[in-house]
Amino acid sequence: MRNPLNKRLNRELKHNFGRYTAIALMLIVTIALVSGFLVVADGVRTAFEDNRTSCKVEDGLFSSYYPVSEAALEKAERLGLSVYENYYIDADVLKNATLRIYKERENINLVTVMEGRLPAEGKEVALERLFAETNGLEIGDDISIGNTKMKITGFISLPDYSSLFKKNTDIMMDTFYFGVAVVTNETFASFSENGLIYNYSYYFDKRDLSDKEKRDLSEELSKTLVLNGVQLTNFCTAEKNQSISFVEEDMGSDIPMIKVFFYIILGIMAFVFAIVINSTIEEEAAVIGTLLASGYTKGELIFHYISLPVWITFISGAAGNLIGYTVMPDIFKGLYYGSYSLPPMKVAFNAEAFLLTTVLPIAVMVVINLFALNSRLSISPLRFLRRDLKKHSGKRAGRLPDISFISRFRLRIIFQNKGSYITLFFGMLFASFILMFGLCMTPMITHYMDEIKASAVSENQYILKLPVELENKEDSEKFTLYPLETYYRLAGKDIEVSVYGISENSSYFKGLDFAADEGGVYFSDGLAKKTGAEIGEVVSFTDPYSQEKYELKVVGTYDYAAGLAVFMENTRLNNLLDLGNDYFNGYFSNKGLNIDEKYLAAAINSKDLVKAGDQMLSSFGQMAPIFTIAAILIYMALMYILTKIVIDRNAVNISFMKVFGYEDKEIRKLYLNATTITVIASLILTLPLVYAGIKESFVIVLMKISGYLDIYIPLYLYLIIVAAGILSYFVINFFHIRRVNKIEMSLALKDKE
């Protein structure tokens with residue numbers, strides 16, 4: 001025989017259709033976002049890892065001022081690795097863009113053709129896909145490289161440039177102004193040797209080495225090269241090469257973050273369901289008492305009242321996963337493929353995503369609601385019939401302050417519904433956090449770029465391959481630049497730091513008192529904040545080429561936002577590194593210097609700052625709409641569900657007030673305004689917690705980038721957060737006003753005992 005209680009499910013769903021619709025909508029959108037993201041992230045990770053293996057991505061690279069001798073290469077390969085030439089040139093293309101051009105690859109870092117074909121003859125070039133798309137280039141277009149027009153034959157992906165970092169020390173990848181290309185061997189040989197970079201890639205013979213063994217072997221390689229007279233200009237393992245490792249690290253933090261986001265939403269929704277069920281039990285107390293008195297067991301009633309939440313969760317999970325597998329992949333693929341140079345991926349069933357977004361929500365709903373129902377259904381049928389559901393029914397109401405009747409009435413409503421309002425507070429806290437996270441990126445990056453410009457020591461910095469004296473030294477100042485590494489505890493890895501050797505009486509670095517530094521060094525403000533180094537602390541640094549260790553004492557900080565840097569007197573740095581007293585490899589200048597390109601390693605000017613800012617805004621700006629939509633949805637869904645419960649719980653009292661002659665406007669003033677006050681107070685009280693959460697979150701975000709951003713949240717963003725919450729509330733309040741107006745006076749005349 002069919003359970004007659006099942007007939008009540010349709011009536012319950014119809015009676016609270018708006019409430020359950022809001023819950024289902026919130027679950028569907030959340031599950032769709034999480035499921036879609038996890039499916040894409042898993043597909044990207046699988047494609048990325050398979051591509052690295054099949055295309056033989058390098059285990060590391062090194063560069064030299066001059067071609068490495070055959071003898072040095074032979075000694076290096078005896079260590080248990082293979083070394084391959086991977087020369088390149090950097091050419092200026094388009095407007096202020098740099099194209100790094102390689103010749104055909106046959107043994108390592110093999111090319112993946114995304115569209116079109118590889119070049120087969122002279123004056124043909126295949127471009128990295130993301131650079132081409134960002135700059136609006138199509139297959140068949142011509143692009144000027146130097147003085148030569150070359151035809152684009154295809155779009156490619158390179159495993160050693162999954163992230164487009166021009167320099168490994170750059171704070172962000174650059175898809176606007178930096179790209180990679182491949183030409184035929186004959187075409188590459190036709191380029192001028194002045195700008196040729198003698199770059200080499202190495203590949204371990206044994207593929208089952210542990211991470212420690214890989215690091216040790218790389219250190220041995222570096223030492224061997226130096227001992228055999230190789231003048232290294234760069235040495236970098238794949239692990240520390242941002243162009244290779246950044247994607248993996250990004251996904252490594254993105255996936256846990258999206259899971260935490262889902263767990264928080266799920267926890268909030270579980271408590272919302274518990275409050276909804278408690279409210280339902282209070283509304284149907286007399287019915288439950290009658291059913292218990294009629295012989296229905298506690299277990300049968302628990303099963304009955306838990307059925308609707310479980311079915312709604314199951315249907316929401318199914319609908320959310322359907323959207324997550326069909327609609328969301330294109331959106332999230334756009335985020336990944338709009339930032340990284342990745343091989344093609346396929347969307348496939350993800351068991352972890354299914355368990356997380358479908359099985360886990362149902363399990364959580366069952367556990368939370370079983371606990372809530374078991375507790376509430378433990379009282380006797382007689383007490384249900386009398387609507388005596390309080391555990392401490394004889395407890396007197398707390399004394400309220402001596403204020404106006406209306407204010408005391410509102411306080412009483414707030415205290416009576418404190419569970420709903422507390423849940424609403426935490427829901428609004430989370431919604432405000434993700435809204436602020438999405439909105440603060442643009443002003444924070446803009447502020448960071450302004451700081452870089454303000455703290456720039458010169459209009460131009462020239463990095464040399466070897467010391468070159470200038471004929472006209474006006475307005476130029478020599479410096480030594482050398483990369484060292486220091487351990488970054490939070491990320492659990494070494495980070496590269498630029499060590500500057502500055503003239504004692506520098507006209508560009510004013511305020512650095514080298515005469516009184518007591519043999520110490522100055523940290524850039526960002527490096528001190530990122531590593532937590534304090535004045536007087538001794539910090540350990542390592543030479544990435546020779547593995548020499550240096551202990552440097554921090555004697556002060558310097559306002560320099562362009563990167564992670566250490567400053568010391570030039571001669572002392574040269575002596576520390578055994579470079580010679582007169583060594584230098586760079587110039588500061590506010591004017592353009594005429595330096596032969598064959599001696600120039602890099603030239604950095606104010607335009608490079610604009611490039612970095614554009615890329616950061618593009619990369620992070622894509623996330624803002626997603627965060628904003630999610631936050632507004634959480635605001636509206638929670639406000640509707642929880643404030644409706646307050647109104648339903650007080651429906652009889654509202655009916656009595658209508659009987660006593662109170663007008664709808666007066667009733668709204670008492671009941672709805674109590675919620676209005678709570679919502680506005682919650683929005684304001686959450687702001688300090690939101691700031692604290694943003695600050696801690698950016699510690700995690702900044703672990704992935706080689707730089708430091710100050711947490712900068714302008715006042716207007718706080719106003720936007722409060723305004724968005726209030727606006728969302730008033731949209732929901734419109735529906736509640738109509739509901740209050742529809743409550744009839746006859747409800748007060750119905751039997752309550």
Side-chain angles (χ1 to χ4, degrees), residues 55-68 73 82-94 97-113 118-119 122-132 143-148 150 152-170 173-175 177-203 225 230-238 241-244 341 463-465 597-604:
C55 294
K56 287 187 66 176
V57 68
E58 65 190 29
D59 290 308
L61 62 84
F62 60 89
S63 302
S64 173
Y65 284 123
Y66 305 104
V68 179
L73 291 177
S82 300
V83 180
Y84 303 95
E85 286 186 6
N86 204 11
Y87 297 170
Y88 66 83
I89 64 166
D90 285 343
D92 294 332
V93 296
L94 304 175
T98 298
L99 191 63
R100 182 161 294 171
I101 304 173
Y102 290 88
K103 60 183 176 181
E104 297 175 52
R105 296 177 167 190
E106 298 176 355
N107 300 304
I108 198 167
N109 298 327
L110 304 180
V111 177
T112 299
V113 179
L118 289 173
K123 296 186 178 181
E124 289 187 343
V125 61
L127 296 182
E128 189 280 321
R129 172 197 59 82
L130 187 54
F131 174 79
I143 183 171
S144 296
I145 299 177
N147 297 321
T148 305
M150 304 188 73
I152 301 172
T153 62
F155 296 153
I156 59 173
S157 168
L158 300 177
D160 53 328
Y161 282 98
S162 54
S163 302
L164 295 177
F165 283 89
K166 184 178 180 180
K167 294 181 297 181
N168 201 47
T169 54
D170 288 346
M173 54 208 171
D174 183 357
T175 61
Y177 304 100
F178 175 69
V180 188
V182 172
V183 297
T184 62
N185 293 337
E186 292 76 12
T187 302
F188 189 85
S190 68
F191 293 135
S192 171
E193 291 188 6
N194 285 345
L196 186 64
I197 303 298
Y198 299 101
N199 187 68
Y200 296 83
S201 298
Y202 63 87
Y203 191 80
L225 292 170
V230 179
Q231 293 180 293
L232 293 174
T233 59
N234 187 19
F235 189 96
C236 187
T237 64
N241 188 344
Q242 292 201 91
S243 294
I244 296 175
S341 179
I463 314 299
L464 307 174
K465 294 180 179 178
E597 285 190 3
K598 65 182 179 181
Y599 302 120
L600 191 63
I604 306 168

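Annotation for Leu110 and Arg105: closest pair CD2-O, 3.9 Å, computed over non-hydrogen atoms. Contact between Leu127 and Ala181 at its shortest, heavy atoms only, is CD2-CB, 3.8 Å. Considering every non-hydrogen atom in both Ser64 and Val230, the closest pair reads OG-CG1, 3.8 Å. Nearest heavy-atom pair across Lys103 and Val182 is O-CG1, 4.0 Å.
Side-chain contact check for Arg100 versus Glu128: every heavy-atom pair is 4.5 Å or farther apart. Residues Tyr102 and Asn86 have side chains in contact (heavy-atom distance under 4.5 Å, counting atoms from C-beta outward). Residues Ile197 and Ile89 form no side-chain contact, since every pair of their non-hydrogen atoms from C-beta on lies 4.5 Å or further apart. Side-chain contact between Phe178 and Val180 is present, with heavy atoms from C-beta onward closer than 4.5 Å. Looking at Val125 and Pro119, their side chains never come closer than 4.5 Å, going by heavy atoms from C-beta outward. Within the 4.5 Å cutoff, no side-chain heavy atoms of Thr112 are placed close to those of Ile156. Within the 4.5 Å cutoff, the side chain of Asp160 has no heavy atoms near those of the Ile108 side chain. Residues Asn109 and Tyr84 fail the side-chain proximity criterion, which asks for heavy atoms closer than 4.5 Å.
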task: Decide yes or no on side-chain contact (heavy atoms from CB on, under 4.5 Å) for Phe62 and Val83, but give the supporting numbers first.
output: CA-CA 10 Å; Phe62 60 89; Val83 180; 3.8 Å; yes
Practice problem: Report the C-alpha distance between Phe188 and Leu196 in whole Å, list the side-chain angles of each, state the deciding distance to 0.1 Å, and finish with yes or no for side-chain contact (heavy atoms from CB on, under 4.5 Å). | Solution: CA-CA 10 Å; Phe188 189 85; Leu196 186 64; 3.7 Å; yes
Going through the distances and angles, do Asp174 and Lys166 end up as a side-chain contact (heavy atoms from CB on, under 4.5 Å)? CA-CA 7 Å; Asp174 183 357; Lys166 184 178 180 180; 5.7 Å; no
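The distance from atom OG1 of Thr98 to atom CZ of Phe131, rounded to the nearest 0.5 Å, is 8.5 Å. Taken from OG1 in Thr175 to CZ in Phe165, the straight-line distance is 11.0 Å, to the nearest 0.5 Å. The OG1 atom of Thr148 sits 12.0 Å away from the CD1 atom of Ile143 when rounded to the nearest 0.5 Å. In this structure, the separation between OG on Ser144 and CG on Leu99 is 11.5 Å, given to the nearest 0.5 Å. Atom CD1 of Ile244 sits about 4.0 Å away from atom CD of Glu58, to the nearest 0.5 Å.
Aromatic rings of Tyr87 and Tyr200 (six-membered ring for Trp) have centroids within the 6.0 Å cut-off, being under it.
In this structure, a donor-acceptor pair under 3.5 Å is absent between the side chains of Glu124 and Thr153.
Remark: the backbone N or O of Asn185 is paired with a side-chain donor or acceptor of Glu104 at under 3.5 angstrom. With hydrogens and angles disregarded, a donor-acceptor distance shorter than 3.5 Å links the side chain of Ser162 to the backbone of Ser243.
Enclosure of atom NZ in Lys56 by more than 12 non-hydrogen atoms of other residues, nucleotides or ligands within 6.0 angstrom is indicated.
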